[in-house]
Amino acid sequence: LILNMVEHVLAHAGVAITDLDALAFGCGPGSFTGVRIATGVVQGMAFGADLPVVPVSTLASIAQVELERQGEDKVLSIIDARMGEVYFGCYQSVDGLMQLQGKEALLAPDQIPLPDTTGWFGAGSGWGTYQHKLQNLLGNKLKDFRADVYPQSKTIAMLAVAAFERGEMVSAEQALPVYLRDNVAKKAQS
């Protein structure tokens with residue numbers, strides 16, 4: 001279904017895949033199966049069209065969604081990683097694009113590093129699952145949150161264009177998923 005959808009979108013836009021400069025994809029972290037499917041599809045398309053690939057973090061996409069939707073310029077992106085953990089990224093807007101502050105991580109919800117400043121907005125499924133723990137931990141540094149925020153193709157494309165302009169693309173074989181949970185990825189590969 002995905003490849004048919006891509007063909008339809010390209011045809012609707014009146015372009016061929018070989019007219020593109022690069023392909024972008026949400027590289028994770030997130031659902032193991034979803035991240036694997038996205039990676040496999042983009043690798044196949046990039047190999048076939050001889051295009052570079054721009055991996056974009058799903059946590060960055062979530063932060064960008066809130067910047068676009070509500071003008072939130074300081075976002076704590078948190079995705080429920082199951083098994084009592086969350087995928088976490090701290091993002092701030094720089095020239096209209098969300099930039100990672102520090103590193104993305106897989107943590108227990110009560111291990112989230114506290115930001116130095118106030119006025120942070122929480123976004124992502126982890127806020128629904130661990131709302132009370134996160135609110136208690138962050139206290140007055142958190143101004144509000146929204147749990148029903150998900151990565152979007154529009155924000156992945158926005159972030160990818162900027163990354164492409166900075167030369168941050170990889171070859172198809174280097175377009176790899178980001179799991180953050182190494183033990184699950186290692187089990188799947190064996």
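The residues of the chain are indexed from 1 along the displayed sequence. Predicted model, so just to flag it, every value in this text is computed and none were measured.
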Least distance between heavy atoms, [X] atom then [Y] atom:
X	Y	answer
L67	S93	CD2-OG, 3.7 Å
A24	I156	CB-CG2, 4.3 Å
G84	P109	O-CD, 3.2 Å
M169	P52	CG-CB, 3.7 Å
E168	V54	O-CG1, 4.0 Å

inquiry  = Listing request: all side chain to side chain donor-acceptor pair (under 3.5 Å) pairs with a residue in residues 94-109, at least two apart in sequence or in separate chains.
reply    =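 Output for this query lists S57-E104, Y91-E104.
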Check whether [X] reaches the backbone of [Y] with its side chain - one donor and one acceptor, N or O, closer than 3.5 Å.
X	Y	answer
W127	V149	no
K154	V65	no
S61	Q152	yes
D19	A16	yes

Same cluster or not: [X] versus [Y], using hydrophobic residues (I, L, V, M, F, W, Y) connected whenever any side-chain heavy atoms lie under 4.5 Å apart?
X	Y	value
V86	F32	no
W120	I112	yes
L97	F164	yes
L142	F121	no
V53	F47	no

How long is the gap from [atom1] on [X] to [atom2] on [Y], to the nearest 0.5 Å?
X	Y	atom1	atom2	value
T118	K74	OG1	NZ	5.5 Å
L76	L138	CG	CG	6.0 Å
Q135	N140	CD	CG	12.5 Å
Y130	E85	OH	CD	8.0 Å
L180	F88	CG	CZ	12.0 Å
E72	F145	CD	CZ	13.0 Å

Going by heavy atoms in the side chains, are [X] and [Y] under 4.5 Å from each other?
X	Y	value
V35	V178	no
P113	L107	yes
V170	P55	yes

note = Sorted by chain and number, sequence neighbours left out, side-chain hydrogen bond (donor to acceptor under 3.5 Å, both in side chains) with D80 holds for R82, T129
query = Is any NZ, NE, NH1 or NH2 atom of the basic residue among D144 and R146 found under 4.0 Å from an Asp or Glu carboxylate oxygen of the other?
reply = no
query = Can you list the steps and then say if I17 with E7 is a side chain to side chain contact (heavy atoms under 4.5 Å, CB included)?
reply = CA-CA 8 Å; I17 193 167; E7 284 181 27; over 6 Å; no
message = Under the criterion side chain to side chain donor-acceptor pair (under 3.5 Å), I'd like the reasoning laid out for S171 against Q174: C-alpha separation, chi angles, the key distance, then a yes or no.
response = CA-CA 5 Å; S171 64; Q174 294 172 323; 3.2 Å; yes
Candidate list I62, T58, L59, test side-chain contact (heavy atoms from CB on, under 4.5 Å), partner Y87, passing option =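 Option passing the side-chain contact (heavy atoms from CB on, under 4.5 Å) with Y87: L59.
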key: Residue from I2, L20, L51, L3 passing side-chain contact (heavy atoms from CB on, under 4.5 Å) with M45   =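 Only one of I2, L20, L51, L3 forms a side-chain contact (heavy atoms from CB on, under 4.5 Å) with M45, namely L3.
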